[in-house]
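Given the structure is predicted, the values throughout are model-derived calculations rather than measurements. Just so it is clear: chains get the letters A, B, ... in the order the sequence lines come, proteins before strands, and each one is counted from 1.
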Amino acid sequence: MVCESWKSKLDIYLDGELGEPETRTFDAHVRGCPLCSADALTRVQMKRAIQAAGKRFTPSADFRRRIEQSIAPKAPRSFRLRWMVLAAAAMILVVGALTSTYMATQSGRDVAYRDHIVSEIADLHVETLASSSPVDVISTDRHTVKPWFQGKIPFAFNLPELQNSEFSLLGGRMTYLDQTPGAHLIYDVRKHHISVFVFQERSLPAKLDEKSLSPNRLSFSMETWSQGGLRYFVIGDASAGDIDRLSKLFKAAP
Amino acid sequence: MQFDLEDEEEVLPAVRDTPESILLRHSDGQLVQQALEQLPVAYREVLLLCEVEEMSYQELSATLAIPMGTVMSRLSRARKALRDGLQIQFPNRMNQRVNHGL
């Protein structure tokens, strides 16, 4: 399959405008093609960036008038980020992205912020799975990984001892959540990958009510808590039990 | 994650960190917003109506009074123009990050 011919229709596919039979063919191709799924990932990031920037943008009066004169009502959009369900082909992970329809049906800045954060964390996790070099420091030894972060992030945190557990540390990297620097650790449990993110609680712009997070809306499991001034996120396509056990190990780390 | 021979049958997305993807991952929305503002109004318009107002191609065609083919080509050119605009800003931005010790 020559990817050039797919590439020309990629934008139309991602806009949800390809039409049913062709969309399915496209889904199947993206599922099996690393170049196209990588390309699609970048384009979706661009679309989301435009959407976020656009929401802050003040349109000119002329632009406003044109919109007001446009045909109404709008037909409901098909799930636009559906390709992400397929992109992580080799990875068993299926990402249920939070769509803007969710924001339309619920109100409150707290809800929007919470969803934004969960969405960002999910993206960081998926991008890592899709990357050919997911970690910057490769080590199963927490005594190597922990000091690596010194000087790179403005805080220190403890990693649990995993000697007798089912989890193994693959390594770590620096990451950003809304410009806030933090640590990203990747663990393996029975061929599933779990990401653990650590940030300074005070660097995050708003409070997160972890009880209101509903993991069953997503296709992966996530846990988050605050401890010692740090905010932790544990996310992966492993079972909720695995996520929970790893979280407990982190909470107990000295 | 090593790419072992056993993994041959698995297909991994070949994510090479392009300046664009690094930028989009780490940028504040301001960069994209600036790049949007620098676009010709016809490009900015079609991008915002598509991504923010979530208009279908049909609606875009009717709203902007242009044929469907033009909707698609204009979107394609607008996206390319935005990408180009971001890549011009990107080298400057990278230097700022380095200078601030990030």
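Taking all atoms of both residues into account, the shortest heavy-atom contact from Arg79(B) to Asp11(A) is NH1-CB, 3.5 Å. Taking each heavy atom of Leu36(B) and Gly54(A) in turn, the nearest pair found is CD1-N, 4.4 Å. Across all non-hydrogen atoms, the minimal contact from Glu51(B) to Gln51(A) is O-NE2, 3.3 Å. Closest approach of Cys50(B) and Asp15(A) over heavy atoms only: SG-OD1, 3.9 Å.
In terms of the salt bridge (Lys or Arg N to Asp or Glu O under 4.0 Å) criterion, residue partners of Lys80(B) (sequence neighbours excluded) are, by chain and number, Asp84(B).
Here Glu17(A) contributes atom CD and Leu75(B) contributes atom CG; the two are 9.0 Å apart, rounded to the nearest 0.5 Å. Between atom NZ of residue Lys9(A) and atom CE of residue Met72(B) there is a gap of 9.0 Å, rounded to the nearest 0.5 Å.
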